[in-house]
There are 2 protein chains.
Amino acid sequence: MYSIGDLSRRTGVKAPTIRYYEQMGLLEAPERSEGNQRRFAKAELERLAFIRHARDLGLTINSIRQLIGLSGHADRPCADADRIAKEQLASVRDRIAKLQKLEEELERIATCCTGETVGDCYVIRALSDHSLCGHEH
Amino acid sequence: MYSIGDLSRRTGVKAPTIRYYEQMGLLEAPERSEGNQRRFAKAELERLAFIRHARDLGLTINSIRQLIGLSGHADRPCADADRIAKEQLASVRDRIAKLQKLEEELERIATCCTGETVGDCYVIRALSDHSLCGHEH
DNA sequence: TCTTGAACCTCTAGTCACTAGAGCAATTAG
DNA sequence: CTAATTGCTCTAGTGACTAGAGGTTCAAGA
Ligand SMILES: [Zn+2]
Ligand SMILES: [Zn+2]
Ligand SMILES: [Zn+2]
Ligand SMILES: [Zn+2]
């Protein structure tokens with residue numbers, strides 16, 4: 001049996017975050033000590049590691065809830081799990097593409113200023129005038 | 001003189017967002033009609049375009065507030081504006097690098113499942129076991 | 001057994017940049 | 001003049017936590 005602090009040290013997830021996951025229905029309400037403190041079993045430790053890893057990969061609480069729901073039915077088809085992973089991959093790729101466009105614009109904006117005063121600063125001018133940009137954003 | 005709806009149509013910024021920018025101190029409180037409705041001058045239209053452009057480039061409300069503060073002093077050095085742009089560029093590059101690592105992991109996770117049931121789904125297994133990953137996240 | 005200090009509890013509110021909605025008032029076109 | 005549209009303020013919700021207040025329980029040493 002682990003206290004919430006034990007669990008926190010073993011997984012690197014802060015105690016308030018563990019309580020938050022419980023509240024969001026990702027962790028089941030654990031047993032309690034006589035004095036009402038949480039006491040987690042090993043299964044919860046593993047589930048918390050799963051949650052943390054999924055979060056680190058950018059999955060939302062909602063997706064994780066679905067995945068946990070699925071993982072209880074080992075005999076069902078895994079198409080839903082595969083779909084969630086593919087959607088997350090697509091979303092990450094999408095964000096990368098958007099950020100790369102921003103990077104291009106920002107590189108120009110951040111490196112082209114030859115002025116010395118605000119009056120002739122390229123940064124200010126570029127922000128005032130989108131037609132200096134190479135793409136839409 | 002533009003109503004908030006005029007301004008919204010001309011800039012593509014929704015009316016509640018314009019009010020929000022005013023509340024955040026990015027736009028000055030505009031004149032009002034007899035019936036207390038906002039009436040914006042052309043300067044406000046231009047400032048709103050500036051704000052929107054900066055937001056589209058990912059700058060925070062705080063950074064924009066600083067830039068607006070600077071832009072009132074055309075004779076001062078522009079080092080602060082240049083620094084804000086460079087920091088934003090660095091932050092975008094940082095986020096891209098993190099997302100590219102995620103992309104790699106997610107590509108593996110999302111495309112390697114050869115199982116058919118949840119019990120032998122690679123997605124579920126990969127989320128349970130970070131040692132299958134190629135990097136830290 | 002007692003005491004002290006660390007760890008734990010619940011609850012509320014704050015973060016960021018909006019967005020949605022309620023309930024009302026003003027404007028504008030016909 | 002009326003109806004439709006647009007505007008006003010205020011409150012609350014989003015996601016995934018984080019911080020803090022104010023109180024309780026636990027574990028270890030004396
Ligand atoms: Zn400059
Ligand atoms: Zn632009
Ligand atoms: Zn699968
Ligand atoms: Zn991993």
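The sequence lines fix the lettering, A, B, ..., with proteins before strands; numbering per chain opens at 1.
With C:dT10, C:dC18, D:dC26 as the choices, the nucleotide that has an atom nearest any side-chain atom of A:R32 turns out to be C:dT10. For A:R19, taking side-chain heavy atoms from C-beta onward, the closest of the listed nucleotides C:dT10, C:dA20, D:dA16 is C:dT10. Distance from the side chain of A:I4 is smallest to C:dC9 among C:dC18, C:dC9, C:dT27. Side chain of A:N36, nearest nucleotide from C:dC9, D:dC8, C:dA17: C:dC9.
Atom CD of A:Q37 is separated from atom P of D:dT24 by 13 Å (rounded to the nearest Å). In this entry the distance linking CD of A:E34 with C1' of D:dA27 reads 15 Å, nearest Å. The distance between atom CD1 of B:I18 and atom C1' of D:dG7, rounded to the nearest whole Å, is 12 Å. Atom NZ of B:K14 is separated from atom P of D:dT6 by 15 Å (rounded to the nearest Å). D:dA16 atom P lies 13 Å from atom CG of A:D56, rounded to whole Å. Following rounding to the nearest Å, A:D6 (CG) and D:dA27 (C1') show an atom-to-atom distance of 12 Å. A:L48 has its CG atom 14 Å from the C1' atom of D:dC17, to the nearest Å. Distance, A:F40 CZ to C:dA7 C1': 14 Å, rounded to whole Å.
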Could you go step by step and tell me if B:L48 and B:L27 meet the side chain to side chain contact (heavy atoms under 4.5 Å, CB included) rule?
-> CA-CA 7 Å; B:L48 181 54; B:L27 289 169; 4.2 Å; yes
Run the numbers on A:F40 and A:R38 for side chain to side chain contact (heavy atoms under 4.5 Å, CB included), then give the verdict.
-> CA-CA 6 Å; A:F40 297 89; A:R38 289 170 178 80; 3.6 Å; yes
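A side-chain donor-acceptor contact under 3.5 Å links B:R108 and B:Y122.
The only option from A:L57, A:L89, A:D82 that meets the side-chain contact (heavy atoms from CB on, under 4.5 Å) definition with B:I109 turns out to be A:L57.
Under the 30°/60° scheme for interplanar angles, the aromatic rings of B:H130 and A:H53 are found to stand perpendicular.
Using a 4.0 Å cut-off, no side-chain N or O of A:S3 falls inside it from OP1 or OP2 of C:dA7. Between A:R55 and D:dC17 there is a side-chain N or O to OP1 or OP2 distance below 4.0 Å. Between A:S33 and C:dC8 there is no side-chain N or O to OP1 or OP2 distance below 4.0 Å. Of the side-chain N and O atoms in A:Y21, none sit less than 4.0 angstrom from OP1 or OP2 of D:dA16.
Mapping A:R38 and B:T60 onto DNA chain C by nearest heavy atom places A:R38 at the nucleotide closer to the 5' end.
Note on A:R9: nothing from the nucleic acid sits closer than 4.0 angstrom, heavy atoms only.
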